[in-house]
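Data first, discussion second: the structure below is written as structure tokens.
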Protein chains: 2
Amino acid sequence: MDVAALRASGARAVLMTPAHQFPTGVVLDGERRRDLLAWAAAGGLVLEDDYDAEHRYDRAPVPALRALAPEGVCYAGSVSKLLAPALRLGWLLVPRRLREPVVEAKRYADLGNPVLAQLVLARLMDSGELERHLRFVRRRHRRRRDAMLRAVAGHLAGARVHGAAAGLHLTVTFDGAAFDDTAVAGAALALGVKTHPLSWHRLRPGPPGLILGYAAGPAGEIEEGVAVLGRALREHLQDHRH
Amino acid sequence: MDVAALRASGARAVLMTPAHQFPTGVVLDGERRRDLLAWAAAGGLVLEDDYDAEHRYDRAPVPALRALAPEGVCYAGSVSKLLAPALRLGWLLVPRRLREPVVEAKRYADLGNPVLAQLVLARLMDSGELERHLRFVRRRHRRRRDAMLRAVAGHLAGARVHGAAAGLHLTVTFDGAAFDDTAVAGAALALGVKTHPLSWHRLRPGPPGLILGYAAGPAGEIEEGVAVLGRALREHLQDHRH
């Protein structure tokens, strides 16, 4: 986030994931945070998508921007990464002046959300079960992340890992190399291992890379998956050697 | 539905509730049905909102237009009137040629619907429980409708009842009278009885009227509510006598 460029653009609102950017895994911190909040205080609106802030493994999660500037930030949270995306449950904390227009726009958009899942979530929150679940998956994700880091070091020669110890995925780039990451991801998929090639998410050219999720399977599967990926990568490089 | 006017308009699609129009309670039948289907066969698209077709009390429900012209009708069903609107569950049956664009538009609109309520509904359907529930509420609604018809005859002098023996509401008009149905509905609401004044739904001028729901309460409450409404109407007429 280049706040000077944002200021120069004249945009009135900006969509951000300050706690954890996908796919780079970068956390907005320190000076940029302060700079962005100054822009908001001068009349800008930050849409803060806090989609997986609770998954931080090395320290306490960064506080939400919303907590520092409730009238300059429209905060969106979700249980998609915490319970399941198929619940379609999330929430907005909207600056006071925007509350009524947002409620009205939402009503016309969908006539409201199913109430049963919301009641169940409220019960999970009240009872402390959600907090217990979060502590459980945070420990589990941390173990799986560590397993993936070991597997990447062992099987993906030249891979550089990006981002904070957070979220549910690793992004790796192969900085010195020149190969088609989409072809490698395709070859790995044919062998049963699904990843995102970094090219899918690039706005500017750069080194090839892969996005690797570690939340869905146990450490053994992660090790095996990354090994398969390493094989696919080596075979691709061999086939396309000059 | 004036199909000649529809044809002349050049419109490519029309939204209909052929089984039961709100608020008139009219059922699209016979010649108009055939005429509309001929228009669809010539390339028109009917969006059939079948929102409460299962609530027919005097005979079997009219078959859906969709059953007669699957490629000319986009059918929408819902459990809003059968179980609860707060479940936000419904379905579309789309002509084959429109299936992919509709699925894609829906995906971009909302990223999909919550899956748990859908699984519960599928279980209710498979097990026959939904059909049993429908038979139960159909009998109950029929009793409540009869109670309301008696109460209207006893308490609302000059009221004419419209529409088929279907749905969850009655529409009544006061054909010889001239009074402000919005004011009467407001007075009744102040006494605890909520109705829709027909004026809210009118596109053209016409006699005053009221829309009376009977599905939500037992016969005794319905009788009492209509009595209150009759009192509000008489007092309004007395206050505004020329």
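In what follows, chains are A, B, ... by sequence order, proteins preceding strands, each numbered from 1. Bear in mind the structure is a predicted one, so any value in this text is a computation, not a measurement. We use all heavy atoms of the structure for the numbers below, so side chains are in, but hydrogens, waters and symmetry mates are not.
Side-chain contact between A/L6 and A/L36 is present, with heavy atoms from C-beta onward closer than 4.5 Å.
To the nearest 0.5 angstrom, A/H169 atom NE2 is 5.0 Å from A/H20 atom NE2. Considering CG of B/L82 and CG of B/L89, their distance stands at 11.0 Å, rounded to 0.5 Å. Put simply, CZ on B/R202 and CG on B/L198 are 4.5 Å apart, with the number rounded to the nearest 0.5 Å. To the nearest 0.5 angstrom, A/L92 atom CG is 11.5 Å from A/R99 atom CZ.
For the pair B/E48 (side chain) and B/R66 (backbone), a donor-acceptor distance under 3.5 Å is present. No donor-acceptor distance shorter than 3.5 angstrom exists from the side chain of B/Y51 to the backbone of B/A19, with no hydrogens or angles considered.
Close approach to chain B, defined as a heavy atom under 4.5 Å from one of its heavy atoms, is seen in no residue of residues 124-141 of chain A. Annotation: residues 102-116 of chain A contacts chain B through A/D110, A/L111, A/G112, A/N113, A/P114, A/V115, A/L116 [non-hydrogen atoms, separation under 4.5 Å].
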Name each donor-acceptor pair under 3.5 Å that joins a side chain in residues 181-194 of chain A to protein atoms two or more places apart or in another chain, with its distance.
from: A/D181; atom 1: OD1; to: A/S199; atom 2: OG; distance (Å): 2.3
from: A/D181; atom 1: OD2; to: A/S199; atom 2: N; distance (Å): 3.3
from: A/D181; atom 1: OD2; to: A/S199; atom 2: OG; distance (Å): 3.0
from: A/D181; atom 1: OD2; to: A/G209; atom 2: N; distance (Å): 3.0

Can you give each donor-acceptor pair under 3.5 Å made by side-chain atoms of residues 210-223 of chain B, sequence neighbours left out, with the distance rounded to 0.1 Å?
from: B/Y214; atom 1: OH; to: B/A166; atom 2: O; distance (Å): 3.4
from: B/Y214; atom 1: OH; to: B/G167; atom 2: O; distance (Å): 2.9
from: B/E223; atom 1: OE2; to: B/H155; atom 2: NE2; distance (Å): 3.0

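For B/A86, the parts sitting under 4.5 Å from any heavy atom of chain A are the backbone and the side chain alike.
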Yes or no on side chain to side chain contact (heavy atoms under 4.5 Å, CB included) for B/V120 and B/Q118, after CA distance, side-chain angles and deciding distance?
CA-CA 5 Å; B/V120 171; B/Q118 296 179 60; over 6 Å; no

